[in-house]
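Here's the structure, in structure tokens; my notes come after.
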Number of protein chains: 2
Amino acid sequence: MKTNLKIKVQALGDPTRMAIFERLERGPLPVGEIARGLPVTRSAVSQHLKVLKIVGLVTSQRAANRQIYRINADGVAGLRDYFDQFWRESLQAFKRAAESSLKERP
Amino acid sequence: MKTNLKIKVQALGDPTRMAIFERLERGPLPVGEIARGLPVTRSAVSQHLKVLKIVGLVTSQRAANRQIYRINADGVAGLRDYFDQFWRESLQAFKRAAESSLKERP
DNA sequence: TTTTAAGGTTAGTCTTCACTAACCGTTAGT
DNA sequence: ACTAACGGTTAGTGAAGACTAACCTTAAAA
């Protein structure tokens, strides 16, 4: 599942998609509601939601006429875990580097 | 500092930049070493490193001829914290939604 | 001093992709 | 059945930016 992480980051790399993503943080919303307040057309929002859904950052569920989108918490957890792991690894690398440079000039 | 988060994600949204970023996970490297093994020229790598540096994901330090790049752990921690916070918030929103729908059909 | 290697910068090209407009299907209300 | 609202899809366009090539500076080695 590590492969998916890159395309998730890639998906959020677009500012509009990031804005949509943040709009869903507080709870599920229909497409029209998401589009309201964004400086792009509903069509653009729809396309972005499609991408976010494909990469696993949101899910959708229809209620009659409406399509309700919500955050996929598991997808977000994956991102957090990735950066947490990355952070740990780079910190460890930093320690190793500090120790070896300490040996060079004791 | 929350503003920086978006441009950090935006920076990592580019696959090549992500590859460079991951290349530095295990420890600091000079530019040439980073470029080695990547399917782009050293010039491209240099430009990408400039972006990563501006957004605060890497730092650089010169050693004689070479420019050594390393991960900025604080920058990564910011990303992790953001997604962790986002994850918590969306989970909470999910619980709220589940509870209210429970009241509707008891 | 000349040479070699390392890295940053710039100009220009080319590809990617975000966006709009127009259209279609679907559902609920009249 | 007709209408209105909600969403998804497509084609075409435009702009952002990733990339290369050429050039520059700097530092160490010859």
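Letters A, B, ... mirror the listed sequences (proteins, then strands); counts begin at 1.
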Steps toward side-chain hydrogen bond (donor to acceptor under 3.5 Å, both in side chains) verdict (Lys53(B), Thr59(B)): CA-CA 6 Å; Lys53(B) 187 175 180 180; Thr59(B) 61; over 6 Å; no
Distance, rounded to the nearest Å, where Gln67(B) contributes CD and dG8(C) contributes C1': 9 Å
For DNA chain D, the residues among residues 47-64 of chain A that have a non-hydrogen atom under 4.0 Å from it: Gln47(A), Lys50(A)
Derivation and outcome, side-chain contact (heavy atoms from CB on, under 4.5 Å), residues Tyr69(B) and Gln67(B): CA-CA 6 Å; Tyr69(B) 281 87; Gln67(B) 196 76 234; 3.7 Å; yes
Rounded distance (Å) that lies between atom C1' of dA18(C) and atom CD of Gln10(A): 14 Å
Gly56(A) backbone acceptor or donor facing Asn72(A) side chain under 3.5 Å: yes
For atom CG of Leu38(A) and atom P of dC19(C), their distance in whole Å: 10 Å
Arg17(A) vs dA18(C): side-chain N/O to OP1/OP2 distance below 4.0 Å: yes
Ring centers of Phe83(A), Tyr82(B) separated by less than 6.0 Å: no
Leading and trailing nucleotides of DNA chain D with any atom under 4.0 Å from heavy atoms of chain A: dA5(D) to dT10(D)
Candidate pair Leu12(A) and Leu79(A), rule side-chain contact (heavy atoms from CB on, under 4.5 Å), full reasoning: CA-CA 11 Å; Leu12(A) 292 180; Leu79(A) 278 178; 3.9 Å; yes
In one Ile/Leu/Val/Met/Phe/Trp/Tyr side-chain cluster, 4.5 Å: Ile68(A), Val51(A): no
Note, Met18(B) side chain near Val9(A) side chain (heavy atom, < 4.5 Å): yes
Stepwise salt bridge (charged side-chain N to carboxylate O under 4.0 Å, His left out) check, Glu22(A) with Lys6(B): CA-CA 11 Å; Glu22(A) 292 196 319; Lys6(B) 296 185 187 175; 3.2 Å; yes
Base of dT9(C) paired with side chain of Ser43(B) (donor-acceptor, under 3.5 Å): yes
Carboxylate-amine/guanidinium contact Arg88(B) Asp84(B), below 4.0 Å: yes
Rounded interatomic separation in angstrom, taking CG from Leu29(B) and P from dG7(C): 11 Å
Distance in angstrom units between Arg66(A) CZ and dT26(C) C1', rounded: 14 Å
Phosphate OP1/OP2 of dA18(C) contacted by Thr16(A) side-chain N/O (<4.0 Å): no
Under 3.5 Å donor-acceptor, Arg62(B) side chain and Ala64(B) backbone: yes
Bend angle of the helix from dT1(C)-dA30(D) to dT30(C)-dA1(D), end axes from five pairs each (to 10°): 20°
CA sep, side-chain torsions, deciding dist, call: Asn4(B), Val55(B), side-chain contact (heavy atoms from CB on, under 4.5 Å): CA-CA 7 Å; Asn4(B) 279 11; Val55(B) 304; over 6 Å; no
